[in-house]
Amino acid sequence: MGQKNITWHQGHISKSDRQKLNNKIKSAVLWFTGLSGSGKSTIAVEIEKELYHAGILSYRLDGDNIRHGLNRDLGFTPQERTENIRRIGEVSKLFVDAGILTLASFISPYRKDREMVRNLLDKGEFVEVYVKCDLSECEKRDPKGLYKKARNGEIKSFTGIHSPYEEPISPEIIVETDKQTLQESVNQILNYLIKNKYM
Ligand SMILES: Nc1ncnc2c1ncn2[C@@H]1O[C@H](COP(=O)(O)OS(=O)(=O)O)[C@@H](OP(=O)(O)O)[C@H]1O
Ligand SMILES: Nc1ncnc2c1ncn2[C@@H]1O[C@H](COP(=O)(O)OP(=O)(O)O)[C@@H](O)[C@H]1O
């Protein structure tokens, strides 16, 4: 497609040089997937804080924010969601190359789209975190009032109501936010990162 007459320009400083500057971490993307209201953003915000206090640079990419800027032209049809995730996958790859622990929180409802992002990255650089929470609990929380709008027809194609969510089959991490506390989920994820030598 667009690769004709394009060559990669190699610099003097590598990904691993940049990781050394970032407290010697192994950079990766923590890919939070789950229903709206499951807790993806809430958990990512806490992880970012803990990493910051440990002297580690991380950066959050979040559905609502990215859709205000980079992906403002995209809606919620299956094709647009796929393009949304494809672009975020490419952005995540750049952040990982920059040596940053990247925290991506997107519903990303389609398994094939998440696998596409996994395949964009090197082995071990895509850590899928399934933020599992019953639809009924998400709907009860309804932090932005979107489920209410979806139920009364103001929003069409809302995930979980009229649009599918495909659960991950073998994610690296599952946190169950309707059964565990926020701090338990945060600790579980940080322990995974330590155990697997990301930090
Ligand atoms: N139809 C529909 N379905 C799902 N979500 C909707 C919809 N319309 C708007 N919103 C709001 O957009 C946020 C989801 O954006 P994402 O980029 O994460 O979605 S996706 O991965 O492309 O499916 C989602 O944010 P979160 O609640 O943080 O998940 C909603 O606030
Ligand atoms: N154990 C928990 N883990 C994460 N969030 C929780 C938990 N219990 C309740 N919540 C609440 O659920 C809501 C999740 O919203 P949010 O993080 O925006 O979800 P998402 O980003 O998946 O749409 C927040 O209001 C949060 O305070």
Side-chain angles (χ1 to χ4, degrees), residues 29-50 58-92 95 102-118 120 126-168 171 173-192:
V29 56
L30 287 182
W31 189 275
F32 296 92
T33 173
L35 293 170
S36 177
S38 58
K40 304 180 296 294
S41 308
T42 304
I43 295 171
V45 162
E46 285 305 305
I47 300 264
E48 177 187 44
K49 190 177 77 185
E50 301 250 359
S58 68
Y59 193 73
R60 282 184 304 111
L61 302 169
D62 200 287
D64 284 325
N65 302 346
I66 295 283
R67 281 176 173 280
H68 275 113
L70 177 65
N71 290 353
R72 64 188 307 160
D73 56 324
L74 300 176
F76 290 91
T77 64
Q79 295 78 8
E80 287 170 310
R81 290 183 199 249
T82 293
E83 175 61 10
N84 182 42
I85 299 308
R86 187 193 70 78
R87 290 185 200 169
I88 293 152
E90 293 286 355
V91 171
S92 298
F95 272 84
T102 309
L103 311 172
S105 308
F106 299 90
I107 298 178
S108 43
Y110 301 121
R111 220 170 268 142
K112 67 165 177 38
D113 294 346
R114 298 191 300 264
E115 286 313 300
M116 170 186 64
V117 179
R118 185 187 287 279
L120 269 178
F126 181 84
V127 178
E128 191 173 25
V129 183
Y130 177 23
V131 183
K132 191 172 179 196
C133 185
D134 246 23
L135 176 64
S136 60
E137 173 63 20
C138 294
E139 198 162 356
K140 201 162 75 190
R141 292 178 184 169
D142 205 5
K144 299 175 215 152
L146 297 176
Y147 283 97
K148 192 158 173 255
K149 285 190 181 168
R151 287 290 183 196
N152 68 27
E154 279 177 72
I155 305 179
K156 310 267 181 262
S157 310
F158 199 74
T159 306
I161 310 291
H162 348 73
S163 187
Y165 177 78
E166 298 172 359
E167 289 194 315
I173 304 174
I174 304 178
V175 291
E176 300 193 59
T177 68
D178 47 5
K179 298 194 176 70
Q180 56 195 87
T181 65
L182 173 59
Q183 196 56 51
E184 283 167 348
S185 300
V186 168
N187 291 345
Q188 186 185 337
I189 293 164
L190 292 174
N191 287 338
Y192 178 93

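Atoms considered below: every heavy atom in the structure, side chains included; atoms not considered: hydrogens, waters and symmetry mates. Atoms within a ligand are numbered from 1 in the order they appear, just like the ligands themselves. Along the sequence shown, the residues carry numbers beginning at 1.
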Looking at [X] and [Y], does any basic side-chain N land under 4.0 Å from a carboxylate oxygen?
{"X": "Lys148", "Y": "Glu139", "result": "no"}
{"X": "Arg87", "Y": "Asp73", "result": "yes"}
{"X": "Lys49", "Y": "Glu46", "result": "yes"}

Measuring from [atom], which candidate in [options] has the nearest non-hydrogen atom?
{"atom": "atom 7 (C) of ligand 2", "options": "Glu46, Arg141, Glu176", "answer": "Arg141"}
{"atom": "atom 19 (O) of ligand 1", "options": "Tyr165, Phe76, Tyr147, Tyr110", "answer": "Phe76"}
{"atom": "atom 27 (O) of ligand 2", "options": "Asp178, Thr42, Val186", "answer": "Thr42"}
{"atom": "atom 28 (O) of ligand 1", "options": "Arg141, Lys149, Lys144", "answer": "Lys144"}

Side chain, backbone, both or neither: which applies to [X] and ligand 2 if a contact is any heavy-atom pair less than 4.0 Å apart?
{"X": "Pro143", "answer": "side chain"}
{"X": "Asp62", "answer": "neither"}
{"X": "Thr181", "answer": "backbone"}
{"X": "Lys40", "answer": "both"}

Per-atom contacts of ligand 1 with [X], taking only distances under 4.0 Å to non-hydrogen atoms:
{"X": "Ser157", "result": "1 (N), 2 (C), 3 (N)"}
{"X": "Lys40", "result": "29 (O)"}
{"X": "Ser36", "result": "26 (P), 27 (O), 29 (O)"}

Taking only heavy atoms of [X] into account, list the atoms of ligand 2 that are under 4.0 Å away from them.
{"X": "Ser36", "value": "23 (O)"}
{"X": "Gln180", "value": "1 (N)"}
{"X": "Leu35", "value": "22 (O)"}

Practice task
Give a yes or no answer on whether the side chain of Gln188 reaches the backbone of Ile174 with a donor-acceptor pair at less than 3.5 Å.
Solution key: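 Between the backbone of Ile174 and the side chain of Gln188 there is a qualifying donor-acceptor contact (under 3.5 Å).
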Practice task
Please confirm whether the backbone N or O of Gln180 pairs with a side-chain atom of Glu184, one donor and one acceptor, at under 3.5 Å?
Solution key: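 A pair under 3.5 Å: no.
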Handout entry: Lys144 N/O to ligand 2 N/O under 3.5 Å
Key =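 N/O-N/O distance under 3.5 Å: no.
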Practice task
Indicate yes or no: does an N/O atom of Ile43 lie under 3.5 Å from an N/O atom of ligand 2?
Solution key: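 Such a contact does not occur with ligand 2.
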Practice task
State, with a plain yes or no, whether a side-chain heavy atom of Leu103 is found less than 4.5 Å away from one of Tyr59.
Solution key: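 SC-SC contact between Leu103 and Tyr59 ruled out.
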Which atom pairs, donor and acceptor, lie under 3.5 Å between side-chain atoms of residues 129-137 and protein residues at least two apart or in another chain?
residue : atom : partner : partner atom : Å
Tyr130  : OH   : Glu167  : OE2          : 2.6
Glu137  : OE1  : Lys140  : NZ           : 3.4
Glu137  : OE2  : Arg141  : NE           : 3.1

Handout entry: Polar atom proximity, Asn84 to ligand 1 (N or O, under 3.5 Å)
Key =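 Min N/O separation from ligand 1 is below 3.5 Å for Asn84.
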